[in-house]
Number of protein chains: 2
Amino acid sequence: MAQRNILQFIILGLLDQQPRTGYELTQAFDSDIGEFWSAKHSQIYPQLSKLETAQQVTHHEEVSGEKLVRKRYALTTTGKTTLENWLSADTEPVVGGGKDEFAVKLYFIQRPDDPRLVQMLTKQGAFHKQKLTHLQEQMTLKFPAGASQHDFGHYLVLDHAIRREKAYTEWLKAALTACEK
Amino acid sequence: MAQRNILQFIILGLLDQQPRTGYELTQAFDSDIGEFWSAKHSQIYPQLSKLETAQQVTHHEEVSGEKLVRKRYALTTTGKTTLENWLSADTEPVVGGGKDEFAVKLYFIQRPDDPRLVQMLTKQGAFHKQKLTHLQEQMTLKFPAGASQHDFGHYLVLDHAIRREKAYTEWLKAALTACEK
DNA sequence: TAAATACATGTTATTAATTACATGTTTGGA
DNA sequence: TCCAAACATGTAATTAATAACATGTATTTA
């Protein structure tokens with residue numbers, strides 16, 4: 001893509017929650033936030049450098065063990081301002097709702113009796129059902145009492161992800177029904 | 001990103017439906033298929049050239065009016081085979097469910113009483129509700145009798161898009177309720 | 001104690017995608 | 001008949017993102 005470098009703001013947001021290392025930032029994209037954004041370490045480390053050059057973040061070095069040096073990054077006041085500005089700015093809704101190779105494939109399979117359809121739908125269904133289960137487990141684990149006062153954003157995105165996966169599995173189920181009759 | 005050049009297969013799929021010009025392919029991404037994939041003409045024209053070099057497509061020239069030359073592309077048998085192979089191949093489900101700047105923003109707004117929340121949720125809600133309505137109109141327009149034998153894939157992705165937008169609006173509504181109490 | 005795995009940080013090469021540049025034609029309406 | 005909008009096709013510059021390259025440390029476990 002060629003977005004407006006949203007990654008930088010996400011990094012600022014994560015560092016606002018708590019100071020983190022590049023490694024920890026990378027890990028963050030493997031958990032909840034990964035449902036709605038992703039980035040590899042090869043994108044994160046250079047971005048951290050740029051943010052530091054731009055005075056948005058600073059780091060201090062931590063030594064663990066004998067020689068391992070870890071760089072823990074934190075927001076500067078400038079960085080905090082940048083983050084707040086982004087959070088307060090209008091978010092233009094993305095028109096095309098993301099990319100979905102599977103959906104596109106189905107688009108090109110015209111006939112409901114295509115021999116490949118059932119297997120395709122079943123397989124994807126299994127995957128998304130499993131993912132849904134995992135997300136629901138996360139929810140009961142992290143928010144056993146429902147929406148919380150602190151961590152409200154976290155609750156919202158988890159709920160979002162669950163609803164999305166639910167809708168996805170239901171779509172697959174309906175599709176399966178529609179092509180079996 | 002750096003996908004496995006899925007665009008090429010989508011172009012093949014679109015050309016399999018009917019021969020098209022680069023311009024018409026571009027337009028295709030503004031309609032239904034645009035819900036699950038997008039591409040600009042600056043990506044399409046070069047890709048068409050590559051596909052032609054690779055013998056996947058051919059074109060013939062049409063003259064309209066005095067001098068305007070249109071290139072209408074069609075699949076070769078090789079191209080048809082490539083397409084079928086792609087359609088038959090396993091589709092690995094994408095782990096991270098796409099990117100959503102709005103969702104990420106909410107993630108960083110911890111407090112449910114944040115003064116920005118209501119406006120944000122309301123605004124996005126209006127957009128997605130409108131989009132949902134538009135999609136539902138498309139559905140009743142194109143498939144007044146429900147799922148069709150021909151054009152089944154088209155029906156599926158429309159249904160998919162509708163369910164997605166419905167889930168999105170319901171999430172926003174629930175979020176609004178949750179942060180207002 | 002050896003090996004495997006996780007921790008940790010970077011760079012390089014390549015691909016995917018958008019934005020902007022560039023040019024011209026056709027059609028329909030004011 | 002002029003003008004705007006849609007039609008039509010390309011290229012160039014830049015950015016975003018992934019995959020692969022590269023290297024080394026710390027911890028756990030067999």
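Throughout, a chain's letter reflects where its sequence line sits, starting with A, and its residues are numbered from 1.
- A salt bridge between Lys166(B) and Glu170(B) is absent, with no side-chain N of the basic residue lying under 4.0 Å from a carboxylate O of the acidic one.
- The nearest whole Å value for the distance from the CG atom in Leu7(B) to the C1' atom in dA17(D) is 16 Å.
- With rounding to whole Å, Lys99(A) atom NZ is found 12 Å from dT15(C) atom C1'.
- Classification of the Phe36(B)-His160(B) ring pair by plane angle, with boundaries at 30° and 60°, yields parallel.
- Judged purely by atom type and a 3.5 angstrom limit, Arg164(A) uses its side chain to pair as donor or acceptor with the backbone of Glu35(A).
- By the salt bridge (Lys or Arg N to Asp or Glu O under 4.0 Å) test, Asp151(B) is found to be paired with no residue, residues two or more places apart in sequence or in another chain being considered.
- Nearer to the 5' terminus of DNA chain D, by closest-nucleotide assignment, is the contact made by Lys71(B) (compared with the other of Trp37(A) and Lys71(B)).
- Atom CD1 of Ile11(B) is separated from atom P of dT9(D) by 13 Å (rounded to the nearest Å).
- Of all the residues in residues 50-61 of chain A, not one reaches under 4.0 Å from DNA chain D with any non-hydrogen atom.
- Counting only distance, with no hydrogens or angles, the side chain of Arg20(A) and the backbone of Leu25(A) share no donor-acceptor pair below 3.5 Å.
- Using a 3.5 Å distance cut-off with no hydrogens or angles, the side chains of Thr78(B) and Gln55(B) do not pair a donor with an acceptor.
- Put simply, the side chain of Asp90(B) never gets that close to the backbone of Glu92(B): no donor and acceptor are under 3.5 Å apart.
- Distance Asp30(B) CG to dT18(C) P: 12 Å, rounded to the nearest Å.
- In this model, a donor atom of one side chain and an acceptor atom of the other lie less than 3.5 Å apart for Trp86(B) and Glu101(A).
- Counting only distance, with no hydrogens or angles, the side chain of Thr21(B) and the backbone of Lys71(B) share no donor-acceptor pair below 3.5 Å.
- Between the OH atom of Tyr45(A) and the C1' atom of dT23(D) there is a distance of 13 Å, rounded to whole Å.
- Within residues 13-29 of chain A, the residues having any heavy atom closer than 4.0 Å to DNA chain C are, in order of number, Thr21(A), Gly22(A), Tyr23(A), Gln27(A).
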Polar pairs (N or O, both sides) under 3.5 Å between protein and nucleotides 20-22 of chain C?
none

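- Applying the 4.5 Å side-chain rule to ILVMFWY residues, one finds Tyr23(A) in the same cluster as Tyr45(A).
- Along DNA chain D, the nucleotide closest to Ile6(A) and the one closest to Lys40(A) are compared, and the more 5′ of them pairs with Ile6(A).
- Heavy atoms from other residues, nucleotides or ligands lying under 6.0 Å from CD of Glu66(A) number 12 at most.
- Look at CD on Gln43(A): it is 16 Å from P on dG10(C), rounded to the nearest Å.
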Could you go through nucleotides 25-27 of chain C and list every protein N or O atom that sits under 3.5 Å from one of its N or O atoms, giving the distance for each pair?
unit_1	atom_1	unit_2	atom_2	d
dT25(C)	OP1	Lys67(B)	NZ	3.0
dT26(C)	OP1	Ser64(B)	O	3.1
dT26(C)	OP1	Glu66(B)	N	2.7
dT26(C)	OP1	Lys67(B)	N	2.7
dT26(C)	OP1	Leu68(B)	N	3.0

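- For the pair Ser38(A) and dT18(D), the criterion of a side-chain N or O lying under 4.0 Å from OP1 or OP2 is met.
- Classification of the His59(B)-Tyr73(B) ring pair by plane angle, with boundaries at 30° and 60°, yields tilted.
- Side chain of Ser38(B) to main chain of Gly34(B): no donor-acceptor pair is present (N/O by atom type, distance under 3.5 Å, no hydrogens or angles).
- The closest donor-acceptor contact from the side chain of Lys105(A) to the backbone of Ala89(B) lies under 3.5 Å.
- Distance Ile44(A) CD1 to dA16(D) C1': 13 Å, rounded to the nearest Å.
- Straight-line distance from the CD atom of Gln47(B) to the P atom of dA17(C): 10 Å, rounded to whole Å.
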